[in-house]
Amino acid sequence: PATTGTYECPFMGNSNRYIKLNVAKDSVITLNWRTDSANTPVKIVSGDSVYEFTTTSTGWIGNKSCYAADDTMYVYGNVKYFSCSNNAKKIIGVDISNNLGLTSLQCSGDSIRAIDVSQNTALTSLSCSYNQLTSLDVTKNTALRTLFCSYNKLTSIDVSKNTALRTLNCGYNKLTSLDISQNVALC
């Protein structure tokens, strides 16, 4: 029988695991990621702008530019490492609470004011420097080995539970003290 209209193939990836970005509408956002395994589909949606990619390996996919047709952008799929860094301050928020498998987040050089990583206990690397953060709670991220949070507006940060931490850069904030006595793995 004849049909009319269009048929959209369903997304074959994990739509329950996603990252939400608050972005400047009508801007181009550059993203990069690695997935759990090769041949993993990743879908990026912002308003009526939809991009679908399939990774060919577990390496970085390479920078992908995506148009923000709305003030939110969703990245669906089994993304393990995610970078939205250096988007000329076009990203103001990052919500990773629906991607508990994320082990690395790079979101430096944007205008992020707050980030909640408390549910992301698998996180081993967090780079959120050059933003507008006034607080950052990493006490539940005990697997964290690398933390870059310099050039923000942090007045305090508790890294006492991050005993696996090997690299820490929190300079150029408003910190008056920093207790690293529990961080014996720091290089």
Side-chain angles (χ1 to χ4, degrees), residues 13-14 16-22 30-38 40 42 55 57-64 74-87 91-187:
N14 185 351
N16 293 317
R17 189 167 153 187
Y18 62 90
I19 298 166
K20 177 185 174 187
L21 303 174
N22 297 97
T30 302
L31 306 173
N32 198 352
W33 62 86
R34 291 173 64 180
T35 56
D36 289 345
S37 60
T40 299
V42 173
T55 60
S57 71
T58 56
W60 289 98
I61 194 163
N63 287 340
K64 301 296 180 189
Y74 293 88
V75 180
Y76 295 97
N78 293 336
V79 174
K80 189 171 186 171
Y81 302 85
F82 183 72
S83 175
C84 59
S85 290
N86 302 315
N87 271 288
I91 298 177
I92 58 170
V94 177
D95 180 355
I96 59 172
S97 62
N98 290 295
N99 187 336
L100 302 183
L102 194 69
T103 60
S104 176
L105 174 63
Q106 298 174 11
C107 57
S108 295
D110 291 307
S111 291
I112 299 167
R113 292 183 182 91
I115 187 167
D116 181 359
V117 295
S118 62
Q119 296 179 52
N120 301 86
T121 56
L123 213 57
T124 59
S125 177
L126 174 60
S127 179
C128 54
S129 298
Y130 295 95
N131 278 295
Q132 303 296 316
L133 297 175
T134 57
S135 66
L136 180 62
D137 182 358
V138 292
T139 56
K140 294 187 176 145
N141 307 100
T142 56
L144 205 60
R145 292 191 310 252
T146 304
L147 174 59
F148 294 106
C149 58
S150 59
Y151 293 95
N152 278 290
K153 298 177 180 181
L154 301 174
T155 56
S156 66
I157 188 164
D158 181 0
V159 292
S160 63
K161 305 271 193 264
N162 309 103
T163 56
L165 204 60
R166 292 165 39 153
T167 305
L168 172 65
N169 185 343
C170 56
Y172 300 96
N173 278 291
K174 297 180 178 185
L175 301 175
T176 56
S177 65
L178 179 65
D179 181 1
I180 56 169
S181 61
Q182 302 301 312
N183 308 99
V184 295
L186 277 175
C187 298

Tell me, do L136 and L126 make a side-chain contact under 4.5 Å, heavy atoms counted?
-> yes
In Å, rounded to the nearest 0.5 Å, how long is the span from CG of L105 to CG of L123?
-> 6.5 Å
What closest approach, in Å, do L133 and C128 show between heavy atoms, and which atom pair accounts for it?
-> CD1-SG, 3.7 Å
What distance do I96 atom CD1 and I19 atom CD1 have between them, rounded to the nearest 0.5 Å?
-> 7.0 Å
Those residues at least two apart in sequence (or on a different chain) that pass side-chain hydrogen bond (donor to acceptor under 3.5 Å, both in side chains) with Q132 are K153
Looking at residues at least two apart in the chain, or sitting in another chain, which of them share a side-chain hydrogen bond (donor to acceptor under 3.5 Å, both in side chains) with N98?
-> Y18
What pairs with T139 under side-chain hydrogen bond (donor to acceptor under 3.5 Å, both in side chains), at least two apart in sequence or on another chain?
-> D137
Between atom CD1 of I91 and atom CG of N131, what is the distance when rounded to the nearest 0.5 Å?
-> 9.0 Å
Does R17 have any salt bridge (Lys or Arg N to Asp or Glu O under 4.0 Å) partners at least two apart in sequence or in another chain, and if so, which?
-> D36
N/O donor-acceptor pairs under 3.5 Å from side chains in residues 77-85, not counting sequence neighbours:
{"unit_1": "N78", "atom_1": "OD1", "unit_2": "N14", "atom_2": "ND2", "d": "2.9"}
{"unit_1": "S85", "atom_1": "OG", "unit_2": "Q106", "atom_2": "O", "d": "3.3"}
{"unit_1": "S85", "atom_1": "OG", "unit_2": "C107", "atom_2": "N", "d": "3.4"}
{"unit_1": "S85", "atom_1": "OG", "unit_2": "S108", "atom_2": "N", "d": "2.9"}

Could you tell me which residues satisfy ring-ring contact (aromatic ring centres under 6.0 Å, His included) with Y130, sequence neighbours excluded, listed by chain and number?
-> Y151
By side-chain contact (heavy atoms from CB on, under 4.5 Å), which residues pair with S118, not counting sequence neighbours?
-> D116, K140
List for me each residue that meets salt bridge (Lys or Arg N to Asp or Glu O under 4.0 Å) alongside D95, sequence neighbours excluded, and say none if there are none.
-> none
Would L147 and I157 count as a side chain to side chain contact (heavy atoms under 4.5 Å, CB included) if you check the C-alpha gap in whole Å, the side-chain angles of each, and the deciding distance to 0.1 Å?
-> CA-CA 11 Å; L147 174 59; I157 188 164; 3.9 Å; yes
May I ask you to test the C149-L154 pair for a side-chain heavy-atom distance under 4.5 Å?
-> yes
Which atoms form the tightest heavy-atom contact between V94 and L21, and what is the distance?
-> CG2-CD2, 3.8 Å
What are the two closest heavy atoms between L178 and C170, and how far apart are they?
-> CD2-SG, 3.5 Å
So which pairs with a foot in residues 159-169 pass side-chain hydrogen bond (donor to acceptor under 3.5 Å, both in side chains), sequence neighbours left out?
-> D158-S160
What pairs of residues pass the ring pair (Phe, Tyr, Trp, His ring centres under 6.0 Å) test when at least one of them lies in residues 95-121, not counting sequence neighbours?
-> none
Please identify each residue that fulfils side-chain hydrogen bond (donor to acceptor under 3.5 Å, both in side chains) with S150, with sequence neighbours left out.
-> S129
Any side-chain hydrogen bond (donor to acceptor under 3.5 Å, both in side chains) involving residues 176-187? Give me the pairs, sequence neighbours left out, ordered by first then second residue.
-> D179-S181
